[in-house]
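Ligands are counted one by one from 1 in listed order, and the atoms in each one are counted from 1 as well. For reference, positions follow the sequence shown, starting with 1.
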Amino acid sequence: MPEADESKKEKQYFTDIPQKSEAFFLKGSNSLDWGMKNRLSNIFDPKSGRTVMLAFDHGYFQGPTTGLERIDVNIVPLAPYADTLMLTRGVLRTMIPPSYNRGIVLRASGGPSILSELSNENLAIDIDEAIRLNASAMAVQVYIGGEYETQTIHNLTRLVDMGNRFGIPTLGVTAVGKDLARDAKYMRLATRMVAELGATYVKTYYTEKDFDTLSTACPVPIVIAGGKKLPELDALTMAHRAIQDGAAGVDMGRNIFQSDAPVAMIRAVRKVVHENESPKAAFDYYQTLKNEGK
Ligand code: R5P
């Protein structure tokens, strides 16, 4: 039953305190709407401004990749240590407990398998499905310089339009396929194009030289993919350098789930990303956890 406000307590308007109007913590995201920012805060930790995304969407073009044969057995135990899971809707529905309450980044493009031309992708999800699955963002591959370059750019721009309509961020993934270059000159071109065409944030590969120039020239946050499995110290060193050179996090798959001790590895990656830990200290932490059987 509604009732009139008859409280005897004097009203407090705090007329001497100006209303707070804080800038949003993520680069290039200040002009986005509330829902979009709220979803981004589910991916990036507002305290560090960074993210450890656990990527295990590889099956969408290459089937049961080593380490991903049984996602319920191998990946679900890692979920509590990730800020966000990057995966397909098929795996989300069948393997991930709906009680998981951090970010979900849905793979939104697909088509060709590893047996054919990888750049020949189309959008592979509808916006209502992403909403139904409570996605924090949708991810699309863009093959700059690839055979189906324009088609993949159109996939990106259509996804950005759909996402903007409903407040769902778009992660533009600069894909290199089997043989495109991975140097800073190429990645500067690819990341800048993807950002200018509307991606909310961008995923790319770390470049040994001049990564700071591409992170600076990209007006939205950049996260790096892990790429092929490396020795743990090398993977931690790559993540550390990327962060120090301006990356806002990692979207790492094989270097975590193919590690001898995946839980120890993802916890060590968190140290590098969220606490600016040195590669050596993070590696020692990894080994300690591994020796404890974690
Ligand atoms: C690539 O197929 C997927 O987009 C992966 O999510 C991405 O490559 C990150 O995984 P990894 O660290 O294994 O390269």
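By the criterion of side-chain heavy atoms lying less than 4.5 angstrom apart, applied directly or through intervening Ile, Leu, Val, Met, Phe, Trp or Tyr residues, Tyr81 is grouped together with Met95 in one hydrophobic cluster. Cluster annotation: Val140 and Leu87 are assigned to the same hydrophobic cluster (Ile/Leu/Val/Met/Phe/Trp/Tyr, side-chain heavy-atom contacts under 4.5 Å, transitive). Both Tyr206 and Ile144 are part of a single hydrophobic cluster, where members link through side-chain heavy atoms under 4.5 Å apart.
Residue Arg254 places at least one N or O, backbone or side chain, under 3.5 Å from an N or O of ligand 1. Inclusion of Met86 in the set of residues having an N or O under 3.5 Å from an N or O of ligand 1 is not warranted.
Numbered from 1 in the order shown, with element, the atoms of ligand 1 that lie under 4.0 Å from a heavy atom of Met252 read 12 (O). Atoms of ligand 1 lying under 4.0 Å from at least one heavy atom of Asp251, given by number and element, are 9 (C), 12 (O).
In this model, no donor atom of one side chain and acceptor atom of the other lie less than 3.5 Å apart for His240 and Asn276. Under 3.5 Å, the side chains of Glu121 and Thr152 contain no donor-acceptor pair of N or O atoms. Arg39 and Ser41 share no side-chain donor-acceptor pair at under 3.5 Å.
At the top of the distance list for atom 8 (O) of ligand 1, counting protein heavy atoms only, stands Tyr205 OH, 3.8 Å. The protein heavy-atom contact nearest to atom 2 (O) of ligand 1 is Phe61 CE2, 3.0 Å. Closest to atom 7 (C) of ligand 1 among all protein heavy atoms lies Lys203 NZ, 3.0 Å. Ranking the protein heavy atoms by distance from atom 10 (O) of ligand 1 puts His58 NE2, 3.1 Å first. In terms of protein heavy atoms, atom 6 (O) of ligand 1 is closest to Asp57 OD1, 2.5 Å.
Comparing heavy-atom distances from atom 4 (O) of ligand 1 across Arg107, Lys229, Gln62 singles out Arg107 as nearest. With Ala235, Ala55, Ala225, Gly227 as candidates, the residue nearest to atom 11 (P) of ligand 1 on a non-hydrogen basis is Gly227.
Note that CD1 of Ile224 is 12.5 Å distant from CE of Met53, once rounded to the nearest 0.5 Å.
Checked against Asp83 for a salt bridge (Lys or Arg N to Asp or Glu O under 4.0 Å), the options Arg50, Lys47, Arg270 give a single hit: Arg270.
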